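Take a look at the structure below.
Keep in mind that what you see is a predicted model, and the values were worked out from it rather than measured. A note on names: the letters A, B, ... follow the listed sequences, proteins ahead of strands, and every chain is numbered from 1.
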Protein chains: 2
Amino acid sequence: METVQLSTKEIQLIAKALADPRRVEILKQIGEGCCDAGLPCSNIRSCQPVTAATLSHHMKELERAGLIEIAREGKFANLKLRRPTLQAYMDYLKAI
Amino acid sequence: METVQLSTKEIQLIAKALADPRRVEILKQIGEGCCDAGLPCSNIRSCQPVTAATLSHHMKELERAGLIEIAREGKFANLKLRRPTLQAYMDYLKAI
DNA sequence: ACATCAATTAGACACATATCGAAACGTCGA
DNA sequence: TCGACGTTTCGATATGTGTCTAATTGATGT
């Protein structure tokens with residue numbers, strides 16, 4: 001696992017991203033089906049009682065925080081969990 | 001270090017508590033001066049550009065999340081970091 | 001070209017919350 | 001008892017944000 005050094009701003013983005021329960025659920029879902037290909041966006045939607053618009057918003061936040069990577073392919077968007085970012089945040093918390 | 005099992009609700013409270021940068025600063029400050037006695041509230045205030053009212057509010061949130069323990073003694077309030085809670089949250093994140 | 005479908009954007013709304021000033025509360029020393 | 005001091009509570013305000021509907025974009029198959 002590569003090591004990432006996070007700025008205060010990035011820490012803040014991650015903390016905010018993790019503060020919404022729905023986003024955490026989404027993260028978990030992406031983390032479970034963690035094939036390299038990434039999880040299709042609509043796949044997530046079928047498991048979360050939420051509009052496509054809302055889901056899109058959450059994914060943008062997760063991406064902004066560096067917690068996921070969005071690979072757009074044609075009309076699809078495949079999500080991949082960026083574990084190094086999550087790990088770096090845990091390291092930050094450990095240092096408190 | 002004792003182990004704590006957190007409910008979904010508690011996880012959410014912790015995540016929200018950690019989502020505010022000022023609260024994280026406060027946590028750090030409490031964590032540093034981590035003598036068993038606890039850090040006096042006014043000590044924190046002298047390092048954070050914030051009103052007593054606001055500080056009180058943040059401490060209530062941190063306590064609600066189980067991240068600190070407030071020992072009131074006379075007119076003073078001594079804060080102590082509850083590391084087991086923080087650890088439990090990190091364990092939760094690790095399981096994502 | 002057209003219809004369809006996945007995803008995004010725009011705009012609106014409701015609700016949460018970080019912050020403050022002012023007032024109240026409780027403790028302690030004079 | 002009185003005043004000072006640390007802390008809390010109250011009420012108000014401004015900002016942030018999760019959610020929706022509707023409209024838009026972009027790709028794909030017929």
Side-chain angles (χ1 to χ4, degrees), chain A residues 8-30 33 35 37-81, chain B residues 8-30 33 35 37-81:
Chain A
T8 311
K9 194 71 194 168
E10 290 167 315
I11 290 289
Q12 210 180 116
L13 284 176
I14 296 170
K16 285 230 180 259
L18 292 174
D20 182 66
R22 171 139 297 132
R23 278 195 289 261
V24 176
E25 283 309 306
I26 294 173
L27 264 195
K28 278 192 197 171
Q29 209 168 326
I30 299 177
C35 37
L39 195 65
C41 189
S42 5
N43 195 321
I44 292 177
R45 217 202 135 186
S46 66
C47 297
Q48 297 278 336
V50 81
T51 311
T54 302
L55 187 54
S56 181
H57 161 68
H58 284 318
M59 293 197 311
K60 201 159 59 176
E61 289 302 300
L62 287 171
E63 187 187 30
R64 204 160 69 101
L67 284 168
I68 65 171
E69 198 182 319
I70 308 185
R72 294 180 176 83
E73 204 167 325
K75 56 177 174 175
F76 300 103
N78 294 321
L79 296 323
K80 258 177 67 180
L81 178 58
Chain B
T8 312
K9 194 73 194 166
E10 290 167 314
I11 289 289
Q12 210 180 119
L13 284 175
I14 296 169
K16 285 230 180 260
L18 292 175
D20 183 66
R22 171 139 296 133
R23 277 196 290 261
V24 176
E25 283 309 306
I26 293 173
L27 264 195
K28 278 191 198 173
Q29 208 168 324
I30 298 176
C35 38
L39 194 66
C41 189
S42 8
N43 194 322
I44 292 177
R45 216 202 137 187
S46 64
C47 298
Q48 297 278 338
V50 81
T51 311
T54 301
L55 187 54
S56 181
H57 161 68
H58 284 318
M59 293 197 311
K60 201 160 58 177
E61 291 301 301
L62 287 170
E63 187 186 30
R64 203 160 69 102
L67 283 168
I68 66 170
E69 199 183 318
I70 307 185
R72 294 181 175 80
E73 207 168 324
K75 57 179 172 174
F76 300 103
N78 293 321
L79 295 323
K80 258 177 69 180
L81 178 57

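Remark: P of dA27(D) and CZ of Phe76(A) are 13 Å apart, rounded to the nearest angstrom. Counting to the nearest Å, the P atom of dA18(C) and the CD atom of Glu61(B) are 7 Å from each other. Spacing between atom CG of Asn78(B) and atom P of dT27(C) amounts to 15 Å, rounded to whole angstrom units. Nucleotide dC5(D) holds its C1' atom 17 Å from the CD atom of Glu73(B), rounded to whole Å. In this structure, CG of Leu18(B) is placed 12 Å from P of dA18(C), rounded to the nearest angstrom. Between the CG atom of Leu62(B) and the C1' atom of dT17(C) there is a distance of 14 Å, rounded to whole Å. His57(B) has its NE2 atom 14 Å from the C1' atom of dC10(D), to the nearest Å. Put simply, CG on Leu79(B) is 9 Å from P on dT7(D), counting in whole angstrom units.
Of all nucleotides listed (dT21(D), dC20(C), dA18(C)), dA18(C) comes nearest to the side chain of Asp20(B). Counting only heavy atoms from C-beta on, Lys60(B) has its side chain closest to dT9(D) among dG18(D), dA7(C), dT9(D). In the set dT9(C), dC5(D), dC20(C), dC5(D) carries the atom at the smallest distance from any side-chain atom of Lys75(B).
Within 4.0 Å (heavy atoms only), Ala53(A) reaches at least one base atom of the nucleic acid. Among the protein residues, Arg22(A) comes within range of the sugar-phosphate backbone only, with heavy atoms under 4.0 Å from sugar or phosphate atoms but none that close to a base. Across all strands shown, Thr51(A) has heavy atoms under 4.0 Å from base atoms, whether or not it also approaches the sugar-phosphate. The residue His58(B) sits close only to the backbone: its heavy atoms come under 4.0 Å of sugar-phosphate atoms, none of a base. Contact annotation for Thr54(B): base contact, defined as any heavy-atom pair under 4.0 Å involving a base atom.
For dC5(C), neither phosphate oxygen OP1 nor OP2 lies less than 4.0 angstrom from any side-chain nitrogen or oxygen of Ser42(A). Between Arg23(B) and dA18(C) there is a side-chain N or O to OP1 or OP2 distance below 4.0 Å. Dashed line: the shortest gap from a side-chain N or O of Arg72(B) to OP1 or OP2 of dT27(C) is not under 4.0 Å. Put simply, Ser56(A) has no side-chain N or O that comes within less than 4.0 Å of OP1 or OP2 on dT9(C).
In this structure, Gln48(B) and Leu55(B) have side chains that are not in contact, with every pair of non-hydrogen atoms separated by 4.5 Å or more.
At least one donor-acceptor pair closer than 3.5 Å links the side chain of Arg45(B) to the backbone N or O of Val50(B).
Take the nearest nucleotide of DNA chain C for Ala52(A) and for Lys16(A): the residue whose nucleotide is more 5' is Ala52(A).
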